There are 2 protein chains.
Amino acid sequence: MCYFGQKAGVNMENKKSDCEAINLDLVERIRPNMPEMNTLYELSDFFKVMGDGTRIQLLWALEESEMCVGDLAVLLNMTKSAVSHQLKVLRTAKLVKAQKKGKNVIYALDDYHVKNILEKALEHVRE
Amino acid sequence: MCYFGQKAGVNMENKKSDCEAINLDLVERIRPNMPEMNTLYELSDFFKVMGDGTRIQLLWALEESEMCVGDLAVLLNMTKSAVSHQLKVLRTAKLVKAQKKGKNVIYALDDYHVKNILEKALEHVRE
DNA sequence: TTGACAATTGAACAATTATTGAACTATAAT
DNA sequence: ATTATAGTTCAATAATTGTTCAATTGTCAA
């Protein structure tokens, strides 16, 4: 995950178009309404975090119940290591939170928007 | 974009966990509530499409007004080629639609969920 | 037809990323 | 203390992906 970086070869601020606008008025009217670069990076980084099958499964599972890493690993048929890596990504994105309990670390959802967004996305996916 | 494939090294069906469940009851109670693999792939592919700064910009722009490729290229300061590549991704994901008009191809939003999802995502991003 | 412009496409490259396996930390039980 | 278990982290690897550049297609105008 890049969190605040650019994708392969992307450099949003300094790119150059290779053509003139057909409808320059329109373009210049819209330009000020475009989001700030910061907002853009945050938005696409958020979706990048959601854009992974393992992490979607983790969110889905945690929507059912909080769970420790090992249980999540069994549920998803993955190694603890792989699960831990992805949980870290989700935690950094503030989508899940962790709480140490004895030998275990219990993970739980940390954002009430997630369920909402997942539902909307499902609506789209199901035509 | 992989649309229906797996990410680097991912093989959702045949992975192996490296541990036993702490709370097997919980795991087995949740398992049947997990989404089907198909749904999962579709969901994460949808988010993958949204998880790119260029594509977010394109969606945002098209939310303001339909536009041809050249205008989008000028607005985003990118080459027509790069824009066209990303529009194709969005079109395949059924998020935008294209309509030929003379020498130009006019792109427009094709999904009423997108605005909604973008808004929810913004809420999250802005804490 | 010829030339110019708009857009798409394919190959290639650089960068990013998810998993693996091993090493490491921390906690609990004996 | 020692052992075992839970989880994290590091390095390496294989795969994916966004942009660039060049070539191509399609459309309009002269």
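Throughout, protein chains are lettered first and strands after them, A, B, ... in sequence-line order, and every chain is numbered starting at 1. None of these values were measured; they are calculated from a predicted model.
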Its contact letters, B for base, S for sugar-phosphate only and - for none at protein heavy atoms under 4.0 Å, make nucleotides 8-13 of chain D read BBB---
Would you say B:Asp71's side chain and A:Ala21's backbone share a donor-acceptor pair under 3.5 angstrom? no
Whole-Å gap separating C1' (D:dT17) and NZ (B:Lys48): 11 Å
Reading nucleotides 23-30 of chain C 5' to 3', which nucleotides get B (base under 4.0 Å from a protein heavy atom), which S (sugar-phosphate only), which -? ----BS--
Distance check needed: D:dA6 C1' versus A:Asp71 CG, whole Å only. 11 Å
Can you tell me how far P of C:dA7 sits from CD of B:Gln99, to the nearest Å? 13 Å
Path from A:Leu40 to B:Trp60 over hydrophobic side-chain contacts below 4.5 Å: yes
I need the B:Glu36 CD to B:Thr39 OG1 distance, nearest 0.5 Å. 5.5 Å
Spacing between A:Asp18 atom CG and C:dA7 atom P, to the nearest angstrom: 11 Å
Test side-chain contact (heavy atoms from CB on, under 4.5 Å) on B:Asn23 and A:Met67; report intermediate values, then the result. CA-CA 9 Å; B:Asn23 196 338; A:Met67 251 180 291; over 6 Å; no
Could you label the plane-to-plane angle of the B:His124 and A:His113 rings as parallel, tilted or perpendicular, counting under 30° as parallel and over 60° as perpendicular? perpendicular
Only residue of A:Asp52, A:Thr54, A:Leu95 satisfying side chain to side chain contact (heavy atoms under 4.5 Å, CB included) with A:Leu90 is A:Leu95
Under 4.0 Å, heavy atoms only, any strand: does A:Cys19 hit a base, just the sugar-phosphate, or nothing? nothing
Interatomic distance where CE belongs to B:Met78 and P belongs to C:dT8 [whole Å]: 13 Å
Return the CG to NZ distance between A:Leu72 and A:Lys80, rounded to the nearest 0.5 Å. 12.5 Å
Length of the CG-P vector between B:Leu76 and C:dA7, whole Å: 13 Å
Whole angstrom is fine here: how far is it from CD in B:Gln86 over to P in C:dT8? 12 Å
To the nearest 0.5 Å, atom CG of B:Leu59 lies from atom CG of B:Leu87 at 9.0 Å
Out of C:dA7, D:dT19, C:dA18, which nucleotide sits closest to the side chain of B:Cys68? C:dA7
Give the rounded distance in Å between these two atoms: CD of A:Glu20 and P of C:dA4. 16 Å
Phosphate oxygens OP1/OP2 of D:dG7: is one of them under 4.0 Å from a side-chain N or O of A:Asn104? yes
Is there a path of hydrophobic side-chain contacts, each under 4.5 Å between heavy atoms of I, L, V, M, F, W or Y residues, that connects A:Tyr41 with A:Met34? yes
